[in-house]
Amino acid sequence: MTGPPAASPATAAAPATAAARAAPAPRAALAPRAWLVWSLAAVTVALVTDNPVYRGLVALVALNVLLTWLPPGRRVRPLAVAVLVTATLAALINLLAGHTGADVIARLPEWLPLVGGPLTLESLAFGGAIGLGLVAALFSVAPLSLVLEPHDVVDAMPAALERTGIAVATSLNLVSGFGRTFTEVRDAQRMRGWKPAGLRSWNEVLVPVILTAIEDSVRLAEAMEARAFGAGRRTSYAASGIGAGEAVVVVAALAAATLFVGLRIAGVAMDWYPYPTISFPPINPILVLACLGLALPAFPLPTHPSAAPPGRAA
Amino acid sequence: MSASIGTRLARLEQVSYWYPNQDEPSLREVDLEIEPGLTLIAGDSGGGKSTLLRLFDGLVPQFHGGRVSGRAEIGGVDPFRTPIPILAQRAGLVFQDVETQSVYGTVEREIAFGLENLGVPRAEMHDRVDELMAALGIESLTGRRLETLSGGERQRVQLAAVLALRPQLVALDEPTSQLDPEGAAAVLAACVGLAADGRAVVVAEHRLETLAPAADRRLTVEGGRVTVGAAEMPGRSGPGPARRAAGPPGIAGDAAAAGDPAWELRDVVAGPAGRSREPVLHDLSLAGGRGEVVALLGPNGSGKTTLLRTLAGLLSPLAGTVRRPAGRTAYLPQNPGALLHLPTVRAEVALTLRRTGGRDEPEEMLAAFGLERLADRYPRDLSSGERQRAALAATVAGSPTLVLLDEPTRGMDRAARRSLAAAVETLTAGGSAVVLATHDTELAAELADRTIELRGGLAVEMARRPQRALAAAAGEVPFGGGSR
């Protein structure tokens, strides 16, 4: 066995290695657990109030954080399009089916089922607020799939759910193979004279694809077993601790979620109800500040030297 | 070489093993001792090589179930009863398929997975991962995602992942069958290094020639029986198809050159995913005649599969024209075992014949591929090499006029290769044009009338004769060379 190549003096090599560790890829430099807490807190805020000011703030803040951390090669556009379509649909449905409110902007013939009747500014606005809530919630959880690696999600799980996390992460690894097998088998069967003709004919493609997927899963299970999976208490390659920056993120996120949930339980008015006549939503400066606090991950913070082992970081 | 107690890492005494619901044992009364150094395992597909390797780390019988008899000792413990996590620290196993053994998405995490399972402290984990990456020459892969690695790099990551648990015995089950020659060479060099380092390294391989000079001993596993000593060298044994001796070479190629091509690609631009990606073939022109075998060489990603899929009509070219002969085109994809789904091998062949209006009897095809014995077996219960053969028979049945084979020898043993060569012989004698994409320079040298290398999306003709120079350059013995 040979040692590492002595291409550069050890003193110069050490920081380079440490840097490579701290940012294995530039993405999950924020500890996975901090991500999980931030995501859950942002979703909570987005869903606990229907005030469009707070929801809009959370949506903007979450999008900003997502774009800050988006790894190269991953695209946010498909998600953004899907989210906007969903939100627009929600607003439209409420506009067409609501019929409540004082400011009528148009009328559909009464004989039309469900949508017939007055279309009001108030139902449009309320529908918009519902849509905004969806946007905010989806942007808040997006980093868990777009920024984190499957193994980061495993690391973020509480110990009791770790095995489940690994099962999920490994099955995600097989997804790309599934698509490729489908194309291969379909093409191969076509060249053997198969033609798609009705649902039943697809058996010849789907059955082998599913059988192959099952075989792949068994092989993976075997490989995991051969590497001592299920031995007992696990440790993690990644550092579980969080740095000062992450602590700030977590505290701010928990504070925001607690504040909103607390005020909701205490019955303090923070919601917005546009009926019967539309009004500007109430704004509480403290709650605005709480929402803005969720933007902290978008700023450069002193994060935990994540993958560097104790004793080596220095 | 007699084994002293101190160096013996594995000992099997009269071990027989039956998979669940099988009457025939897959291993029969095996007596075996494994010592430090490099042990090569030869033997035909389905003979029990994989089963033997799985016995060392307890996967057989503990993961696979079934029945076992006899006595065994691996690193001082009983592999039939000792929990696998404990055995994994004595014997490790690297599998054939790089994709279905990856747990995580990135290099260091993948290597550390076993250590996480054993609860190794983080600092030690990092040290071990660093050491291994340096030892295997893969430090440059730090932080990389597995899907961005080449096959050879991925297989070395898997080797590191197994070595992380510090087993003294490492088994590799056909580790290079899916790799290009460069990747295979890197993995095999790593095996030789580990053996020199004092570990017992057991490799089941079809490409034994590369490792043979470094081997300390050789085993042959056939019909579940293990015999010590070198089997006949694959490639030197048996009468290879004497196709090239039958007539002056190059006739078919000349016929194609004379303006009678059976198939033709003219100024073709094509990409792997149709229009959505960068083309990998640029203004490529190529043709082949009836009865001619054209071999396509080139590294992974050079466009071999894209060319075959375009020629098959599965992929529309972005520009240029594609011409195929009248009649059926047969296409063997990579990983062909995936397409099998019927209850028996015979039914698979019969289905293709029925669909394509082939006049042959299934029995003829089965015989041509040496599948008579397996005709009534469920294809998915076969070994990987046998499955490959069954898929090949099911693919080329029905008298195709054009036969496209994508890596047909991947995972094949010498018997399967011989039947492939014989099948190609029969097909070309009947006037079929054959195009095969392969990393297997021996196969190209043996079968091809013309060898084309794809480079940067262009076709470069390497040779118009079967050439031994190419295989010799790769340090390998041409398949069937001994018969000439």
Side-chain angles (χ1 to χ4, degrees), chain A residues 1-5 17 20-21 23-25 149-151 154 166 169-170 173-174 176-177 181 184-185 187-194 203-204 207-209 211-212 215-217 219-239 307-312, chain B residues 57 59 63 84-85 88-89 92-93 95 97 99-106 108-109 112-123 125-126 129 134-135 139 142-143 145 147 161-162 165 193 197 309 312 314 329-331 333-336 338-341 351-352 355-356 380 394-395 398:
Chain A
M1 298 268 175
T2 55
T17 321
R21 275 223 187 85
E149 292 291 326
H151 65 243
V154 174
I166 288 170
T170 49
N173 274 358
L174 291 177
S176 62
T181 308
E184 273 177 15
V185 170
D187 289 352
Q189 301 296 46
R190 193 178 282 168
M191 299 306 289
R192 281 172 84 194
W194 169 81
N203 280 354
E204 275 184 49
V207 169
V209 168
L211 288 174
T212 304
E215 284 173 352
D216 285 353
S217 314
R219 275 198 206 113
L220 181 58
E222 188 187 21
M224 287 167 73
E225 188 101 1
R227 279 154 68 196
F229 185 59
R233 216 178 66 79
R234 296 182 87 245
T235 46
S236 174
Y237 184 80
R312 273 222 213 155
Chain B
D57 65 356
L59 290 172
F63 180 84
I84 291 180
Q89 298 167 65
L93 177 58
F95 298 82
D97 184 356
E99 275 166 31
T100 52
Q101 57 181 318
S102 314
V103 181
Y104 285 132
T106 53
E108 296 97 313
R109 289 304 297 261
F113 176 71
L115 299 173
E116 292 183 333
N117 291 334
L118 291 179
V120 172
R122 183 173 306 120
M125 222 188 285
H126 281 261
V129 170
E139 311 100 307
T142 303
R145 296 185 52 74
E147 68 212 26
V162 164
L165 301 177
D197 210 42
R309 284 168 52 80
L314 292 167
T329 298
Y331 172 67
Q334 291 189 24
N335 187 20
L339 64 87
L340 302 170
H341 65 294
L351 174 73
T352 312
R355 281 277 165 71
T356 58
R380 287 189 181 253
T395 307

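Chain letters run A, B, ... following the sequence lines, proteins first and then strands; every chain starts at 1.
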Of the non-hydrogen atoms in A/A228 and B/N117, which two are nearest, and what is the gap between them? O-CB, 3.1 Å
Check whether any side-chain heavy atom of A/E215 sits under 4.5 Å from a side-chain heavy atom of B/R380, and report yes or no. yes
Given the options B/P85, B/A88, B/A112, which has more heavy-atom pairs under 4.5 Å with chain A than any of the others? B/P85
Closest approach of B/L118 to A/A231 (non-hydrogen atoms, all atoms of both residues): CD2-CB, 4.1 Å
Toward chain B, the part of A/Q189 with a non-hydrogen atom under 4.5 Å: side chain
I'd like to verify something: which residue of B/G119, B/A161, B/A312 has the highest number of heavy-atom pairs under 4.5 Å with chain A? B/G119
Contact between A/M191 and B/T395 at the side-chain level, heavy atoms closer than 4.5 Å - yes or no? no
Working to the nearest 0.5 Å, report the span between CD of B/Q101 and CZ of A/R227. 7.5 Å
Given a strict heavy-atom distance threshold of 4.5 Å, which part of A/R233 is in contact with chain B: side chain, backbone, both, or neither? backbone
Could you look at B/L339 and say if it's the side chain, the backbone, both or neither that has a heavy atom under 4.5 Å from chain A? both
Separation of A/D187 CG from B/L314 CG (nearest 0.5 Å): 4.0 Å
Rounded to the nearest 0.5 Å, what separates atom OG1 in A/T235 from atom CE in B/M125? 3.0 Å
If every non-hydrogen atom of B/S102 is compared with every non-hydrogen atom of A/L220, which pair is closest and at what distance? O-CD1, 3.3 Å
Counting heavy-atom pairs under 4.5 angstrom with chain A, the leader among B/V120, B/L340, B/N335 is B/V120
For the pair B/R355 and A/E204, find out whether any cationic side-chain nitrogen is under 4.0 Å from an anionic carboxylate oxygen. yes
Given A/M224, A/R190, A/R234, A/R219, the one with more heavy-atom pairs under 4.5 angstrom with chain B than any other is A/R234
To the nearest 0.5 Å, what is the distance between CZ (B/R309) and CD (A/E184)? 8.5 Å
A/Y237/B/F113 aromatic ring centres below 6.0 Å: no
Under the rule for side-chain contact (heavy atoms from CB on, under 4.5 Å), what residues qualify as partners of A/A226, not counting sequence neighbours? B/D57, B/L59, B/F95
Least distance between heavy atoms, A/E225 atom then B/I84 atom: O-CG2, 3.3 Å
If we define contacts as heavy-atom pairs under 4.5 Å, which of B/P333, B/G398, B/A338, B/G114 has the most with chain A? B/A338
With a 4.5 Å heavy-atom cut-off, do A/R192 and B/T356 have their side chains touching? no
Is B/F63 in contact with chain A via its backbone, its side chain, both, or neither, using a 4.5 Å heavy-atom distance? side chain
What option among B/P121, B/P336, B/A330, B/A394 has the most heavy-atom pairs under 4.5 Å with chain A? B/A394
